[in-house]
Amino acid sequence: MLSTPPTRVAIIGAGLSGLTLAIALHRQGIACTIYELRQPSVSSSGALILSPNALRILDTLGLYSRLSPQGYSFETIAYKNHEEATTDRYYLGDEKTYGYKALRVYRQILLTELRAMAKQLQIPITYGVKFSHVVSEDDKGVSFAFVDGTVSSADILIGADGIHSTVRKYVAPGVFPKYSGQVAITCAIPLSKLEFPDGVEYDLPVGIHGKNGAFVMAPQNTDGSEVLAGTQRAYPEQDRAGWDALLANKDGLLALFQTGMEDWPQLVKSALNNVPVDTLAIWPYYVVPKLERWFSPANRVIILGDAAHAIPPTAGQGASQGFEDVFTLAALLPSLSQKMPLGKAVTYWNNMRQKRVDKVIELTLQLNNTRLPQAEREKLEAGQTWVSGESGELGWLYNANVEEDVLAWIKTETKVARTCPVDWLATKLQGK
Ligand SMILES: Cc1cc2nc3c(=O)[nH]c(=O)nc-3n(C[C@H](O)[C@H](O)[C@H](O)COP(=O)(O)OP(=O)(O)OC[C@H]3O[C@@H](n4cnc5c(N)ncnc54)[C@H](O)[C@@H]3O)c2cc1C
């Protein structure tokens, strides 16, 4: 049973959760090594929305000031009906109430900045290695293997290896991602190609909720001149080759995107008539079923981020919940002691994280329901779809100080008060 802070942490996956975890652990004085399958030269496409709960964490880690000039800041997404009247505004950020506007930023920019900081902090990352399996786990540590046959060891092994996680096979054998039946089809379109109707107020981002469901348009570069346009459709599940074939068949994809075009207002028609075909993309929505727990029987193998709880995208909280996982786990590990053994610490962490993820999933379902085709929406009862209420109603999500919650719990359990380093980054990066 580990009852001192770990000195060797191994992380599988240098995606958003893995890199952020390494930086958060470094802030807590805990050394780690990351192992990543892909080479850093492989680029990632698309953009993400980051809401205040994610931005507060990135700010503490010194990343917000690097990211915000490279993204598009905004506060709400307007919901419009088929007649293009605004019916609601959903807050994805709000500087006054939640401390930050929402930020839409390309995934590649986020990865580049996380990698740059990891490099500045001299965090070792081994690229081009594929984790295979856990060899053994006992009182002394965990030993694990890569597909090339090499074996390594650590005090704790953390799987931040995404929705199709291999580490999860050890923590939760027999659990596989489940297809939701829906696929998002998107493209990136110049703002100049969109035909806005005269006399109708149109701030972007916007979701037009019509007969076919919702059509979303969201700016994704700094000056808002490039807009993500997309909708979701019911589509039968495919195997990996089937999804690849659908993506490669641009004509077929365009036809699917344009299905029911006559039912949309002119603005959406203008998007669908001007699709830059090479930017067409699909995103089949898979979810990870609720796991019994996110750690192994001997507690030394832990999963987080999409590996533990990939959730549908509608609340824009997928990556954000991963940031919360890593930030809280990093706050907990320096407190390991006889009074706070690893098993007790990870049980608390898993419970507090699962509760929050459950609430985010509930919110996501409500938001998803507002995007259903009109006929399906009309069958739902009040409360099953999202309707905005009082200002600040999303404070539970955006204003939570998850690190403070962890430190308060540690104090109650151990009677030891700990604070987290305030000027850590300035000291670390001095002269670099
Ligand atoms: C199109 C799209 C749009 C999205 N939009 C949003 C949004 O607006 N807001 C939001 O919050 N979230 C959004 N998400 C969700 C968000 O991208 C994920 O929640 C987030 O990327 C999860 O991060 P992760 O680090 O846990 O997993 P990943 O980003 O999947 O990273 C996992 C890493 O592990 C590596 N890996 C996998 N297997 C192995 C192995 N065996 N050995 C070694 N390395 C391995 C992978 O190569 C990868 O680098 C979106 C997702 C998609 C697909």
Side-chain angles (χ1 to χ4, degrees), residues 20 47-80 85-105 110 201-207 209 214 216-220 222 224 228 311-328 331 352-353 355-371 382-383 385-408 420 422:
T20 311
L48 298 174
I49 293 170
L50 299 175
S51 282
N53 55 323
L55 295 173
R56 187 166 297 111
I57 291 171
L58 294 173
D59 206 0
T60 309
L61 297 178
L63 283 148
Y64 177 66
S65 58
R66 300 182 184 196
L67 291 168
S68 63
Q70 301 184 70
Y72 181 84
S73 294
F74 65 99
E75 292 189 329
T76 60
I77 175 166
Y79 290 171
K80 285 188 183 284
T86 301
T87 54
D88 201 353
R89 281 180 193 279
Y90 179 77
Y91 279 83
L92 283 153
D94 178 2
E95 200 159 5
K96 210 166 85 208
T97 315
Y98 304 128
Y100 298 85
K101 292 182 176 182
L103 183 70
R104 190 160 168 79
V105 65
L110 194 45
E201 188 201 354
Y202 248 109
D203 347 310
L204 297 182
V206 68
H209 298 219
V216 173
M217 281 172 273
Q220 54 186 9
T222 322
L228 169 110
I311 49 182
T314 333
Q317 281 289 319
S320 311
Q321 288 306 304
F323 293 146
E324 289 192 6
D325 293 346
V326 307
F327 204 52
T328 46
M352 61 104 77
R353 292 302 310 136
K355 259 192 218 157
R356 216 160 141 75
V357 167
D358 287 347
K359 236 177 140 180
V360 169
I361 291 174
E362 213 176 289
L363 171 67
T364 303
L365 287 177
Q366 280 185 317
L367 291 168
N368 263 350
N369 285 341
T370 65
R371 292 189 178 183
T385 52
W386 173 265
V387 181
S388 296
E390 288 170 13
S391 157
E393 66 185 324
L394 290 167
W396 65 270
L397 178 58
Y398 297 151
N399 283 341
N401 191 331
V402 288
E403 185 175 60
E404 285 297 321
D405 293 345
V406 170
L407 295 182
C420 284
V422 180

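All values below were derived from every heavy atom in this structure, side-chain atoms included, with hydrogens, water molecules and symmetry-related copies excluded. Each residue takes its place number in the sequence, starting with 1. Keep in mind it's a predicted model, so treat the numbers as computed, not measured.
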Q: Spell out, as yes or no, whether a donor-acceptor pair under 3.5 Å connects the side chain of D88 to the backbone of S388.
A: yes
Would the distance check show the side chain of E324 and the main-chain N or O of R353 forming a donor-acceptor pair, the cut-off being under 3.5 Å? no
For V216, the side chain to side chain contact (heavy atoms under 4.5 Å, CB included) test, sequence neighbours excluded, returns I77, R371
Side chain to side chain contact (heavy atoms under 4.5 Å, CB included) filter on T385, not counting sequence neighbours, yields N369, T370, R377, L380
Check ion pair R56-E404 (N to O, under 4.0 angstrom)
no
Q. Is the shortest side-chain N to carboxylate O distance from R66 to D59 below 4.0 Å?
A. no
Give the minimum heavy-atom separation between [X] and [Y], together with the two atoms involved.
X    : Y    : answer
L204 : V206 : CD2-CG1, 3.6 Å
G224 : P219 : CA-CB, 3.8 Å
T222 : P69  : CG2-O, 3.5 Å
E393 : W386 : OE2-CZ2, 3.6 Å
K101 : S73  : CD-CB, 4.1 Å
L58  : F323 : CD1-CE1, 4.0 Å

How about [X] and [Y]: do any of their side-chain heavy atoms sit closer than 4.5 Å?
X    : Y    : answer
M352 : T328 : yes
Y79  : T86  : no
Y98  : N53  : no
L397 : R356 : yes
F327 : T60  : yes
N368 : P312 : yes
T97  : S391 : yes
R89  : D203 : yes

Approximate separation, where rounding is to 0.5 Å, of [X] [atom1] and [Y] [atom2]:
X    : Y    : atom1 : atom2 : result
L110 : L50  : CG    : CG    : 6.0 Å
K80  : M217 : NZ    : CE    : 10.0 Å
I49  : Y72  : CD1   : OH    : 11.5 Å
E75  : E95  : CD    : CD    : 6.5 Å
L55  : S68  : CG    : OG    : 8.5 Å
R104 : L92  : CZ    : CG    : 10.0 Å

Would you check if the distance from the ring center of Y398 to the ring center of Y91 is below 6.0 Å?
no
Could you walk me through whether V402 and V406 satisfy the side chain to side chain contact (heavy atoms under 4.5 Å, CB included) test, starting with their C-alpha distance in whole Å, then the side-chain angles of each, then the deciding distance to 0.1 Å, before giving a yes or no? CA-CA 6 Å; V402 288; V406 170; 5.9 Å; no
- Intermediate values then yes/no, side chain to side chain contact (heavy atoms under 4.5 Å, CB included), L103 and Q70: CA-CA 9 Å; L103 183 70; Q70 301 184 70; over 6 Å; no
